[in-house]
Amino acid sequence: MLRTHTCGELRLSDANKHVTLAGWVQRTRDKGSVLWIDLRDRYGITQLIFEEGKSPAELVAKGRTLGREFVVQVEGVVTERLSKNDKIATGDIELKVTAITVLNAAKLPPFTIEDDTDGGDELRMKYRYLDLRRNPVRESLQLRHKMAQQTRTYLDAQNFIEVETPVLIKSTPEGARDFVVPSRVHHGEFYALPQSPQTFKQLLMVSGFDRYYQIVKCFRDEDLRADRQPEFTQIDCEMAFITQEDILNMFEGLVRHLFKNVKGIELPSVPRMKYDEAMQRYGSDKPDTRFGMEFVEITELTKGKNFPVFESAELVVGINATGCSEYTRKQIDELTEFVKRPQVGAKGLVYVQYRTDGTIKSSVDKFYTPEELGAWTAKFNAKPGDLLLIMAGETFTTRKQLNELRLLMGDKLGLRDKQKFSALWVMDFPLLEWNEEAKRYHAMHHPFTSPKPEDIKLLDTAPGDVRANAYDMVINGTEVGGGSIRIHDRATQQMMFSHLGFSEEEAKKQFGFLMEAFEFGAPPHGGIAFGFDRLCSIFGGADSIRDFIAFPKNNAGRDVMIDTPSTISDEQLKELALITKK
Ligand code: ASP
């Protein structure tokens, strides 16, 4: 090997040892009589020292020629440092260099390779291999590695078998568009890249594998949105002969195992909340439960006082921003502007300030007496010093809008600490979701999800009310995983497809293989998939998933390093029968 030790390894106890290190030149400090160089590798940094008069002159001269990011091998003697650096593990020592070999020179990097870099996003993406040299990015990938290892440890101990499923498949409807791959051999025919291994894992249950998992790439051609990756990784799992309860316990176990073994955190047992309740209390099917600020409905208290907005509203609901009663006019205007942005889409915001002096002031003083407003503050359990923020309108929309405001206030009040973790199961999702554009129902999870048996009778009369045996795991307001108990008989699956608007023929063409498999002894089964990139970013306390992916795409879906998507030659196009001319 080109080294005896790594750059993160040497300590005071190694003093006087003659060692060889190899790594990259991070930084040089030249004081004239002394020259210091920080040598970096994956494991850390070791300080090298060259002293005018004490080190051979040609060695000092050579040290001076080393540029940033040169790859060098150095020999030297470990010595105690005069001024120690307690910020790094090797900070008690330095290496008195006795020989240097330049293994490779380097061009000046386009940005500084340190924890805080001057490189913008796009530049860092273009030179991702250099960005990956930086500690924070490297550490994120090391965390990911640990997460994957611990996932395998847990699932293996629970008798799960990791099975690879194909990447060239036929489309699986998970609600997004497929990426397709033209077949050269079969002109005019296409493979699709899997949006998930859903049908394959179900077939593995029919095969008797019983407990399957896979850490697997999935592909969805969705509209671009910040922080969405066209290819991403799931921890994909399926189990047979289980009830929903078994799945919840098994995967709560996985998440708690990860917290314990990756972060050293004992996560308390994960509470459960029904979808309807989550919507009512938080206006979201993925509530951030790190903080309270729950919704309080005051519809009844507001009626009959001639305030037109509330008179016509189906729901009047608000939150209590504790300690915010003294917000200035400007601050409140900013909140109103926030909810009026097209992304939120509310018409306005009503506020009630329960001032610290005990008086009540609101934006609807004209319509409500202080006593009436007092009844509101009582319903909110508000104290002097609190600020009520109230919205009104159609129930579902108003809840969604208030959810945005709740999250904003959570941020403003510092209630969304990234090092604090709160997990939640959200259950009993609606089976179907009305799609206004297509004017028909879509499967909210996917078409293989089983309706709650007691709700099946509603499928014809009130499809929107049918609940599914489906569940999501939510951590800190982010959906990190979701799954369901599956349909496992042909008749129900066929019925489901027909409710989703598939003709019998279409269903057979697309999913005949699965329905046929159900006729050959399919066991009851169900599963879940976790978004692995997202899970890693939450564990890492980061907002973006990008740094938890070694080579991510940018927000426009491009890999700017290898410069793709890109055109292909006419030759290739012809071979694939995508053009016919020439
Ligand atoms: N295939 C589903 C998904 O990717 C997860 C599941 O139902 O297991 O969301």
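Note that these values count all heavy atoms, side chains included, but never hydrogens, waters or copies made by symmetry. Values in this document were obtained by computation on a predicted structure and should not be read as measured data. Each ligand, and each atom within it, is numbered from 1 in the order the structure gives. Numbers here are sequence positions counted from 1.
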Exercise. Does Gln195 approach ligand 1 within less than 4.0 angstrom via side chain, backbone, both or neither, non-hydrogen atoms only?
Worked result: neither
For this session: Taking atom types as modelled, find out whether Asn403 and Arg406 have a side-chain donor-acceptor pair closer than 3.5 angstrom.
Result: no
Exercise. Does the side chain of Gln510 come under 3.5 Å of the side chain of Glu506 through a donor N or O and an acceptor N or O?
Worked result: no
For this session: Examine the proximity of ligand 1 to Arg486 and report which part, side chain or backbone, both or neither, has a heavy atom under 4.0 Å away.
Result: side chain
Exercise. Yes or no on side-chain contact (heavy atoms from CB on, under 4.5 Å) for Met205 and Glu238, after CA distance, side-chain angles and deciding distance?
Worked result: CA-CA 8 Å; Met205 294 305 108; Glu238 197 76 6; 3.5 Å; yes
For this session: For Ala529, take its heavy atoms, then give the atoms of ligand 1 lying under 4.0 Å from any of them.
Result: 5 (C), 8 (O)
For this session: May I ask you to say whether Glu222 pairs ionically with Arg225, meaning some side-chain N is under 4.0 Å from a carboxylate O?
Result: no
For this session: Classify the contact between Arg220 and ligand 1 as side chain, backbone, both or neither, using a heavy-atom distance cut-off of under 4.0 Å.
Result: side chain
Exercise. What distance do Thr151 atom OG1 and His257 atom NE2 have between them, rounded to the nearest 0.5 Å?
Worked result: 7.5 Å
Problem set entry | Proximal atoms of ligand 1 relative to Gln234 (non-hydrogen, under 4.0 Å) | 3 (C), 4 (O)
Exercise. Short question: side chain of Gln572, backbone of Ser569 - any donor-acceptor pair under 3.5 Å?
Worked result: yes
Problem set entry | Ser196, portion touching ligand 1 at heavy-atom distance under 4.0 Å | side chain
Exercise. Are Asp563 and Ser566 linked by a side-chain donor-acceptor pair shorter than 3.5 Å?
Worked result: no
Problem set entry | Per-atom contacts, ligand 1 versus Lys201 - under 4.0 Å to a heavy atom | 6 (C), 8 (O)
For this session: Enumerate the atoms of ligand 1 whose separation from the nearest heavy atom of Ile528 is less than 4.0 angstrom.
Result: 8 (O)
Exercise. In terms of atom number and element, which parts of ligand 1 are under 4.0 angstrom from non-hydrogen atoms of Gly483?
Worked result: 6 (C), 7 (O)
Exercise. In terms of atom number and element, which parts of ligand 1 are under 4.0 angstrom from non-hydrogen atoms of Gln198?
Worked result: 1 (N), 2 (C), 5 (C), 6 (C), 7 (O), 8 (O)
